Structures are given as structure tokens and as C-alpha cells.
> 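There's a structure below that I have some questions on.
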Amino acid sequence: MAVATPAGRYATRIPDGRMVEWGILAAVVLVLMGIFGHYVRVIQGQGERAAVVSTLGSLRTALVIDHVQRAAKAGAADPLGAPPNPFLALQTRPVNYSGEMSAAQAVLAPAGHWVFDPQCVCVGYAPQDPAWHSAASGVAVLWFKVSSGPGPRVLTAQAPYVWQGTELH
């Protein structure tokens, strides 16, 4: 319905029943946007977890290949001289590898980046969102110890890490 205004212009007035309908529609759209945003965050966390697991797998594979190559060259079952940093065993380092840092410096590493601590001989990862994982000690960086034994060096989690309900090792 058009209503005359004092200046002689016409304004369209929305009937009262229509305001309720528009309000309900706006509320439904906002709820759907909130649900969509939640699922986007869940999928981002799953994607980051997959990238972490993939990088850990690449590092473990590189350590085995490095061990086999060193054993074949040395002709011994226990080759010496392997570099402690497993990132050096990769052909190409990940773009999110920040280099060697102490544990104190690693806390300042950019989110989503890998580091290597030469004092502890550990590989660390700073998650993009700490809420995606739950560490027993509440640390901001996930640490994986590089251990030497009779075979190839191995990466083991220093604490039980759970990422969105799934154990990360």
C-alpha cells in the first residue's frame, strides 16, 4: 500500500505480517550461516590434520630411505653420520618449514609451520588453531622425538596428541 508523505512523495509500507516473515527468514539465514561456518572450521581442521599426517609420513619414509642408502654405501648395518634433522633427508623441504629453532623460539614460529629443535632432536609443528588438538600438557607446539636405534631413525610423539577426536602419532 502506498502512503503519501508530507513532501508529496509516495513510500511503500510493508504490512505487519510481512515484517514477521522477513524476520523469520533472516533468522533462518543466520542460523544456516552459523552451521555452515562451523562445518567450514571442522573441514579446515581435518585438512590441516591430513597435511600434518602426510608430512610426518614423508619424514618417516625419508628417514628409512636415508638409512638404507647410508647402509648400502657404508656396507654396514648401522651407518654413522646421519644428520639429526630429518628435514635434511627430504629432497625438497616443505614450504612451511621454518628451520632450526629451540623450543622457546618455536612457540613464536608462525602457525602452521614446522621446526626442528637441535638440542632436543625433535620435530615440532605449530597448529593453525590450537583448539583443533588436545595435548596432555596443553602445549602450543606438537613435538615428535627423532630416536635412533638399531634400524632407521624414527619419529615418535612426545605426548599423546588428539586432533579432533583422532589420535595423532
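In this chain, numbering begins with 1 at the start of the sequence shown. Values in this document were obtained by computation on a predicted structure and should not be read as measured data.
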> Applying salt bridge (Lys or Arg N to Asp or Glu O under 4.0 Å), can you list everything that pairs with Arg93, at least two apart in sequence or on another chain?
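For Arg93, no residue satisfies salt bridge (Lys or Arg N to Asp or Glu O under 4.0 Å) once neighbours in sequence are set aside.
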> Between Ala126 and Ala109, what is the shortest heavy-atom contact and its length?
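Shortest heavy-atom separation between Ala126 and Ala109 comes out as CB-O, 4.4 Å.
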> Can you sort out the partners of Ile24 under side-chain contact (heavy atoms from CB on, under 4.5 Å), two or more places apart, ordered by chain and number?
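With neighbours one apart ignored, the set is Val20, Val28.
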> Any idea which heavy atoms bring Thr156 and Ser147 closest together, and the distance?
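Answer, listing the atom of Thr156 first, then Ser147: OG1-OG, 4.0 Å.
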> Between atom CD of Glu167 and atom OH of Tyr161, what is the distance when rounded to the nearest 0.5 Å?
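Glu167 atom CD to Tyr161 atom OH measures 11.5 Å (nearest 0.5 Å).
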> Give, for atom CZ of Arg49 and atom CD of Gln164, the distance between the pair rounded to the nearest 0.5 Å.
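Those atoms lie 9.0 Å apart.
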> Would you say Val107 and Leu142 are hydrophobically clustered, going by side-chain heavy atoms of ILVMFWY under 4.5 Å?
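In one cluster with Val107: Leu142, no.
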> Taking side chain to side chain donor-acceptor pair (under 3.5 Å) as the cut-off, I'd like each qualifying pair that reaches into residues 108-119, sequence neighbours left out, listed once.
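Applying side chain to side chain donor-acceptor pair (under 3.5 Å) to every pair that reaches into residues 108-119, excluding sequence neighbours, yields Ser98-His113.
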> Holding to side-chain contact (heavy atoms from CB on, under 4.5 Å), I want the full list of residues that pass it with Ala62, two or more places apart in sequence or in another chain.
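For Ala62 the side-chain contact (heavy atoms from CB on, under 4.5 Å) partners, ignoring immediate neighbours, are Ala89, Leu90.
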> Can you pull out every salt bridge (Lys or Arg N to Asp or Glu O under 4.0 Å) where at least one residue sits in residues 100-114? Sequence neighbours excluded, please.
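Checked against salt bridge (Lys or Arg N to Asp or Glu O under 4.0 Å) - neighbours excluded - no pair reaches residues 100-114.
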> Residues in side-chain contact (heavy atoms from CB on, under 4.5 Å) with Ala50, at least two apart?
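Here no residue qualifies.
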> Using side chain to side chain donor-acceptor pair (under 3.5 Å) as the criterion, list what pairs up with Glu48, not counting sequence neighbours.
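So Glu48 forms a side chain to side chain donor-acceptor pair (under 3.5 Å) with Tyr125.
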> Ignoring hydrogens, what is the shortest heavy-atom contact between Pro127 and Ala140? Give both atom names and the distance.
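Shortest heavy-atom separation between Pro127 and Ala140 comes out as CD-O, 3.2 Å.
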> Roughly how far, to the nearest 0.5 Å, is the OG atom of Ser148 from the CG atom of Leu63?
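So the CG of Leu63 and the OG of Ser148 are separated by 9.0 Å.
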> Grab the two heavy atoms, one from Trp143 and one from Ala103, that are nearest each other, plus how far apart they are.
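Looking at all heavy atoms of both residues, the shortest contact is CZ2-CA, 3.9 Å.
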> Kindly write out the residues that satisfy side-chain contact (heavy atoms from CB on, under 4.5 Å) with Pro152, not counting sequence neighbours, or none if the list is empty.
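Here the qualifying residues are Val64, His67.
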> Taking all non-hydrogen atoms of both residues, which atom of Cys122 and which atom of Gln158 are closest, and how far apart?
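Here Cys122 and Gln158 meet closest at SG-NE2, 3.2 Å.
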> Counting only N and O atoms by type, is there a donor-acceptor contact under 3.5 Å from the side chain of Lys145 to the main-chain atoms of Val154?
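Looks like no, no N/O pair under 3.5 Å.
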> Partners of Arg153 by salt bridge (Lys or Arg N to Asp or Glu O under 4.0 Å), sequence neighbours excluded?
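Result, salt bridge (Lys or Arg N to Asp or Glu O under 4.0 Å) vs Arg153: Asp66.
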> My understanding is that only residues two or more places apart in sequence, or in another chain, count here; which of them pass ring-ring contact (aromatic ring centres under 6.0 Å, His included) with Phe116?
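Phe116 satisfies ring-ring contact (aromatic ring centres under 6.0 Å, His included) with no residue once adjacent residues are dropped.
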> How long is the span from the CG atom in Leu155 to the OG1 atom in Thr55, to the nearest 0.5 Å?
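Atom-to-atom, Leu155:CG and Thr55:OG1 are 11.0 Å apart.
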> Kindly list each side-chain donor-acceptor pair under 3.5 angstrom involving residues 31-44, sequence neighbours excluded, with atom names and distances?
{"residue": "Arg41", "atom": "NH1", "partner": "Gln44", "partner atom": "OE1", "Å": "3.4"}
{"residue": "Arg41", "atom": "NH2", "partner": "Asp129", "partner atom": "OD2", "Å": "2.1"}

> What distance do Thr166 atom OG1 and Trp163 atom CH2 have between them, rounded to the nearest 0.5 Å?
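Output value for this atom pair is 11.0 Å.
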> Atom CD in Gln91, atom CD1 in Ile65: separation rounded to 0.5 Å?
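It is 8.5 Å, given to the nearest 0.5 Å.
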> Identify the heavy atoms of Phe87 and Val115 that sit nearest to each other, and give their distance.
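Minimum heavy-atom separation between Phe87 and Val115: CE1-O, 4.0 Å.
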